[in-house]
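Have a look at the structure below before the remarks.
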Amino acid sequence: MRTVQCRPLGRRVSALGFGCAKLGSKLSEAHARRMLEAAFERGVVWYDVGPRDGDGEAAAILGRFAAARRSEIVIAARIGRPWPKPTPFRRLASALKRGVFSVIPELQGATARFAARGEPLRPEGIESGAAETLRRLRTDYVDVLLLENPAPQECADPALLEALARVVSSGAARSLGVAGAPEAIEAARASGLFSVLQVRSDPFQPALARVRAALPAREDEFLVLTGPLGAACERLSRLLVGDGGRLASLASQLAYGPFFMPEEILLDYAFGDNPAGVVVAVTSQLAHLDRNCARAARAPRADTVEFVDKTVLTSQAALAMAPRRG
């Protein structure tokens, strides 16, 4: 596993992070524990978890896994909106959703977007949210506490910033970060309080480019990219097979085979776009984990970034401007 230096934590971490979004909802606890153990055995030490991951069950599963190896791993915990309360009904609903998502996977993205809506962030909820995070994780600190999906004005709210600073001074968090849209990250960077910036990786919506262009990077900043698949994978798949497979043929010259070509290109793109940071991937199958770890072990591919930026995106723009027939 390739490692990178995380200056906010003063240690090296795995270039690949394990996203816990499916633990407890799509994955049973037994399956989730097997995946966590397999990731750790392959050198993954960065684990990303949020209050709504696994319908609120993921943090507890991660905490039970992390208990015996707390000093060896990094827990990046997202907080913000209130924690969902674990109830027998919620557990039953999670089991039913696992079955529905296996048949209609497109529903998962829509459900996640709906669940992300909530009340505005409030200062009084920051410290209670951090305390609940530690309780569910069964730990007395998290390595990174990330403000999840804040509005830009929330990232500049003095009361919210003071509450976050108190969490750090209490020892409950070793560093602070923000995970969200580019405009929120820009506002957070201006405060100088956040050292970890987490943004979605999607070459068709280059949020990272906006973040980099907005303000000069500080020496202690650390970038984390998440979700290099999803809608971007579907779009890239269509582009690769379109125009007689011209782009797929060009990709094959970069040693991308016909199987999993979009997934591998996007993951390599994320590593190449963030060579000194972490790329968090949500993985539910051992074969996928092995493939991700193999790509994370390689040197970041600048040629893949160039191929996507200069060839794929150019084709995407040309396709968008082409007149429709009929």
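Both backbone and side-chain heavy atoms feed into the values below; hydrogens, waters and symmetry mates do not. The structure presented is a predicted model; accordingly, all values stated were derived computationally and were not measured.
With R78 contributing its side chain and L146 its backbone, the two residues share no donor-acceptor pair below 3.5 Å. Put simply, the side chain of S14 gets close to the backbone of L16: a donor and an acceptor are under 3.5 Å apart.
Looking only at side-chain heavy atoms (C-beta outward), V142 and L137 come within less than 4.5 Å of each other. Two residues are said to be in side-chain contact when any heavy atoms from C-beta on lie closer than 4.5 Å; E186 and C155 fail this criterion. The closest side-chain heavy-atom distance from V280 to Y47 is not below 4.5 Å. Between L236 and Y269, every side-chain heavy-atom pair lies at or beyond the 4.5 Å cut-off. With contacts defined as side-chain heavy-atom distances shorter than 4.5 Å, the pair I79/L145 qualifies. The shortest distance between side-chain heavy atoms of R174 and V144 does not fall below 4.5 Å. For the pair L240/P262, a side-chain contact is recorded, criterion being any heavy-atom separation below 4.5 Å from C-beta on. For the pair R295/D268, a side-chain contact is recorded, criterion being any heavy-atom separation below 4.5 Å from C-beta on.
Side-chain atoms of N274 and S201 form no donor-acceptor pair, as typed in the model, at a separation below 3.5 Å. With 3.5 Å as the limit, one finds a donor-acceptor pair spanning the side chains of Q198 and D48.
For R291, there are no side-chain hydrogen bond (donor to acceptor under 3.5 Å, both in side chains) partners at least two apart in sequence or on another chain. Contacts of F194 classified as ring-ring contact (aromatic ring centres under 6.0 Å, His included), with partners at least two apart in sequence or in another chain: none. Residues that satisfy the ring-ring contact (aromatic ring centres under 6.0 Å, His included) test with Y256, not counting sequence neighbours, are absent from this structure. When the side chain to side chain contact (heavy atoms under 4.5 Å, CB included) test is applied to S284, the partners found at least two apart in sequence or on another chain are K22, L27.
No single ILVMFWY cluster, assembled from side-chain heavy atoms under 4.5 Å apart, contains both L197 and V74. Cluster membership for F271 and F18, using ILVMFWY side-chain heavy atoms within less than 4.5 angstrom, is shared. V13 and V196 end up in the same hydrophobic cluster when Ile, Leu, Val, Met, Phe, Trp and Tyr side chains are linked at under 4.5 Å. No continuous path of ILVMFWY side-chain contacts below 4.5 Å connects V168 to L9, so the two sit in separate hydrophobic clusters. Linking ILVMFWY side-chain heavy atoms closer than 4.5 Å, directly or via other members, places L286 and V282 in two distinct hydrophobic clusters.
When all heavy atoms are compared, the tightest approach of I265 to A251 is CD1-CB, 3.9 Å. The two atoms that bring D273 and R212 nearest to each other are O-NH2, 2.6 Å, heavy atoms only. Considering all non-hydrogen atoms of both residues, A296 and R2 come closest at O-CB, 3.1 Å. Between M1 and G43, the shortest heavy-atom contact is CG-O, 3.6 Å. When all heavy atoms of A77 and T133 are compared, the closest pair comes out as CB-CG2, 3.7 Å. The shortest non-hydrogen separation linking A188 to S191 is O-OG, 2.6 Å.
Atom OG of S237 is separated from atom CG of L247 by 11.5 Å, given to the nearest 0.5 angstrom. Distance CG/L161 to CZ/R166: 11.0 Å, rounded to 0.5 Å. In this structure, CG on L121 lies 9.5 Å from CD on Q153, to the nearest 0.5 angstrom. Rounded to the nearest 0.5 Å, atoms SG (C233) and CD (E263) are 4.0 Å apart.
With respect to the salt-bridge test (charged N to carboxylate O, under 4.0 angstrom), the residues R210 and E183 qualify. Salt-bridge check for D290 with R42: passed, with a basic side-chain N closer than 4.0 Å to an acidic carboxylate O. Ionic pairing of R301 and D303 is present here: one or more N-O contacts between side-chain nitrogen and carboxylate oxygen are shorter than 4.0 angstrom. The existence of a salt bridge linking R122 and D157 is excluded, since no basic side-chain nitrogen approaches an acidic carboxylate oxygen closer than 4.0 Å. Salt bridge present: R189 and E221 bring a charged side-chain N and a carboxylate O closer than 4.0 Å.
Residue pairs meeting the ring pair (Phe, Tyr, Trp, His ring centres under 6.0 Å) criterion with at least one partner in residues 221-246, sequence neighbours excluded, are W46-F222.
Shown are V178, V224, L208; of these, the side-chain contact (heavy atoms from CB on, under 4.5 Å) with V199 is made only by L208.
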Output side-chain donor-acceptor pairs under 3.5 Å for residues 58-71, partner residues at least two apart or in another chain, one line each.
residue	atom	partner	partner atom	Å
R64	NE	E29	OE2	2.8
R64	NH2	E29	OE1	3.1
R64	NH2	E29	OE2	3.1
R69	NH1	F65	O	2.5
R69	NH2	E37	OE1	3.4
R70	NE	T139	OG1	3.1
R70	NH1	I73	O	3.2
R70	NH1	D143	OD2	3.2
R70	NH2	Y141	O	3.0
R70	NH2	D143	OD2	2.9

* Before giving the answer on side-chain contact (heavy atoms from CB on, under 4.5 Å), spell out for E72 and V45 the whole-Å C-alpha distance, their side-chain angles and the decisive distance to 0.1 Å. => CA-CA 7 Å; E72 299 177 76; V45 300; 5.9 Å; no
>> Between V312 and L239, does the side-chain contact (heavy atoms from CB on, under 4.5 Å) criterion hold? Intermediate values first, please.
In response: CA-CA 8 Å; V312 173; L239 288 170; 3.9 Å; yes
Take D202 and R235 through the test salt bridge (charged side-chain N to carboxylate O under 4.0 Å, His left out) and record every step on the way to the result.
-> CA-CA 10 Å; D202 184 343; R235 183 176 296 183; 5.8 Å; no
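Applying the 6.0 Å contact sphere to CZ of R7 captures no more than 12 heavy atoms from other residues, nucleotides or ligands.
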